[in-house]
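Please read the structure below before turning to the comments.
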There are 4 protein chains.
Amino acid sequence: MSIFSVDYKNRKPIWEQLTDNVTDLVLRGLLPLGEAMPSVRAMAAELGINPNTIQKAYVELERRGVIISIPGRGSFVTTDISALLTERLESAAAALSESARAAKEAGIERERAIKIIEDVWGE
Amino acid sequence: MSIFSVDYKNRKPIWEQLTDNVTDLVLRGLLPLGEAMPSVRAMAAELGINPNTIQKAYVELERRGVIISIPGRGSFVTTDISALLTERLESAAAALSESARAAKEAGIERERAIKIIEDVWGE
Amino acid sequence: MSIFSVDYKNRKPIWEQLTDNVTDLVLRGLLPLGEAMPSVRAMAAELGINPNTIQKAYVELERRGVIISIPGRGSFVTTDISALLTERLESAAAALSESARAAKEAGIERERAIKIIEDVWGE
Amino acid sequence: MSIFSVDYKNRKPIWEQLTDNVTDLVLRGLLPLGEAMPSVRAMAAELGINPNTIQKAYVELERRGVIISIPGRGSFVTTDISALLTERLESAAAALSESARAAKEAGIERERAIKIIEDVWGE
DNA sequence: GTGGTCTAGACCACG
DNA sequence: GTGGTCTAGACCACT
């Protein structure tokens with residue numbers, strides 16, 4: 001059983017599932033920084049997916065700064081995730097603000113919103 | 001200038017833009033309850049959009065309970081929006097809870113989250 | 001004869017030649033802002049290139065903010081190139097600074113460097 | 001710690017990193033003229049790199065006139081670097097001119113370009 | 001018709 | 001062996 005996973009039945013594109021999956025694994029420290037990633041072909045074989053699809057995921061992962069791919073040598077987990085972490089922090093804050101605005105628009109009371117927040121942080 | 005609007009350069013499907021637009025207009029009381037909606041063909045001409053796309057939006061609007069289509073008579077705004085309102089309220093609450101969970105996962109502090117909420121309700 | 005061009009013999013990837021070509025055309029005002037781009041298939045037929053390759057170029061163009069692609073509707077030149085312009089300005093300044101540093105390292109005199117600059121701006 | 005260095009995680013081909021590295025060392029006088037270079041196999045062992053890759057770098061270095069390989073004897077640093085120096089000088093001047101042209105095209109003012117030059121020479 | 005995803009298989013430079 | 005490019009052809013939702 002691999003730590004990488006994709007769900008064929010999911011409507012989200014496979015390449016996107018994989019990029020999200022790998023990004024999450026890196027951010028949670030489950031993929032050691034600087035470590036070699038499985039080769040495109042190896043990952044394709046492991047997941048039973050076409051190499052081109054894996055390639056697309058790897059390109060996106062490199063664009064996000066999660067991995068570095070070097071022709072002829074392989075792909076490696078980035079050694080610096082600080083930018084990744086702050087980026088995720090800020091986008092999460094923006095998303096929270098956005099859904100709060102929608103909630104207010106829908107008629108949710110200030111008190112109920114705060115209660116929702118406290119419930120989540122109290123979990 | 002129509003009260004209905006779709007943005008051709010927006011990535012959201014046009015039928016979805018229209019359903020959201022109409023739902024919003026109804027919930028905000030800008031479309032009188034029980035009123036007749038423009039016919040599919042009239043709406044298509046008004047917005048310069050393929051009638052099939054309008055048809056798809058109308059089907060979705062009926063499914064959501066925003067309008068009622070009567071064969072041979074036309075489409076009418078629903079006369080009871082209470083279900084619609086509570087539905088929107090609950091889905092907004094769920095969405096808020098969900099993005100709060102993501103924010104917590106991303107490392108946002110409880111205090112910052114509450115501040116975001118208060119900022120929104122204070123706007 | 002099309003305004004779009006790629007050179008099969010060039011070592012630069014075709015998709016990259018096309019993205020650079022289109023970016024240049026947009027920045028020089030030869031492609032009207034907001035205008036519809038040729039469809040992926042049309043461009044592929046026009047240039048005698050596989051649609052997947054064109055698709056790759058269009059994805060990159062969208063990432064750069066040069067065009068906007070909308071499924072089912074088509075691709076359109078962006079309506080706002082200000083970000084594009086400032087970005088090009090800054091990257092050109094950085095490149096100039098970089099090659100100046102290399103020139104200094106290679107032993108070029110300050111006076112000769114300034115002469116090179118003045119020659120170029122005097123052309 | 002060797003004076004030769006390659007970065008396995010750099011995108012530049014390793015053979016090219018090595019040729020640039022050696023050329024630079026020679027031009028800066030850090031590799032005595034006429035001195036014997038490490039054998040291909042020794043260099044490969046020292047850097048932990050495939051001998052084929054080192055071989056490719058050595059061939060390129062000889063083509064550039066940085067080293068001279070004598071079959072059965074080994075490779076030696078060239079004894080005359082004047083051609084190398086002028087070549088580097090001219091190519092740096094050409095590169096500077098080229099990036100100046102690009103900067104002008106991007107809309108950089110003559111004054112800003114000159115300021116960039118002066119900043120670099122003033123460092 | 002449109003863009004987007006995916007598969008299958010080929011070729012390249014690099015190692 | 002590696003990643004990257006390209007072709008050919010299929011299917012999808014949206015218009």
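Every chain is numbered from 1 and lettered A, B, ... according to where its sequence line falls, protein lines coming before strand lines.
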Item to check | Atom-to-atom span, CG of D:Asn10 to P of E:dG15 - whole angstrom | outcome: 11 Å
Item to check | Euclidean distance, atom CD of residue D:Glu60 to atom P of E:dA13 [Å, nearest integer] | outcome: 15 Å
Next on the checklist: Under a plain distance cut-off of 3.5 Å, with no hydrogens placed, do D:Glu60 and D:Thr19 share a side-chain donor-acceptor pair?
Outcome noted: no
Item to check | D:Glu16 vs C:Ser75, nearer the 5' end of DNA chain E by closest nucleotide | outcome: C:Ser75
Checklist entry - Which residue lies toward the 5' end of DNA chain E, C:Gln55 or D:Asn50, if each is placed at its nearest nucleotide? => result C:Gln55
Checklist entry - In residues 31-43 of chain C, what residues come within less than 4.0 Å of DNA chain E, judged by heavy atoms? => result C:Ser39, C:Val40, C:Arg41
Item to check | Expected output: side-chain B:Ser39 to main-chain B:Ala42 donor-acceptor under 3.5 Å | outcome: yes
Checklist entry - Under 3.5 Å, side chain of D:Arg88 to main-chain N/O of D:Asp24, donor-acceptor pair present? => result no
Item to check | Distance, nearest 0.5 Å, that separates CD1 of C:Ile14 from CG of C:Leu47 | outcome: 9.0 Å
Checklist entry - Run the side-chain contact (heavy atoms from CB on, under 4.5 Å) check on C:Tyr8 and C:Ile49 step by step: do they pass? => result CA-CA 10 Å; C:Tyr8 305 77; C:Ile49 286 172; 4.3 Å; yes
Checklist entry - Watson-Crick or G-U wobble partner for F:dG9, using a 3.5 Å limit on both distances? => result E:dC6
Within the structure shown, what part of the strands sits under 4.0 Å from [X] by heavy-atom distance: base, sugar-phosphate, or nothing?
X	value
D:Ile14	sugar-phosphate
B:Ile49	nothing
B:Asn52	nothing
A:Arg11	nothing

On a heavy-atom basis, which atom in [X] and which in [Y] lie closest, and how many Å separate them?
X	Y	value
D:Pro32	D:Val77	O-CB, 3.7 Å
A:Gln17	A:Asp7	OE1-N, 2.7 Å
B:Phe4	B:Pro38	CE1-CG, 3.8 Å

Checklist entry - More 5' along DNA chain F: B:Thr53 or A:Ser69, using each one's nearest nucleotide? => result A:Ser69
Checklist entry - In terms of the nearest nucleotide of DNA chain F, which residue is placed more toward the 5' end: A:Arg73 or C:Pro51? => result A:Arg73
Item to check | Covered region of DNA chain F, 5' end to 3' end, by chain B [heavy atoms, under 4.0 Å] | outcome: F:dC14 to F:dT15
Next on the checklist: Applying side-chain contact (heavy atoms from CB on, under 4.5 Å) to D:Asn21 and D:Val6, what does each step give before you reach the verdict?
Outcome noted: CA-CA 8 Å; D:Asn21 180 216; D:Val6 294; 5.8 Å; no
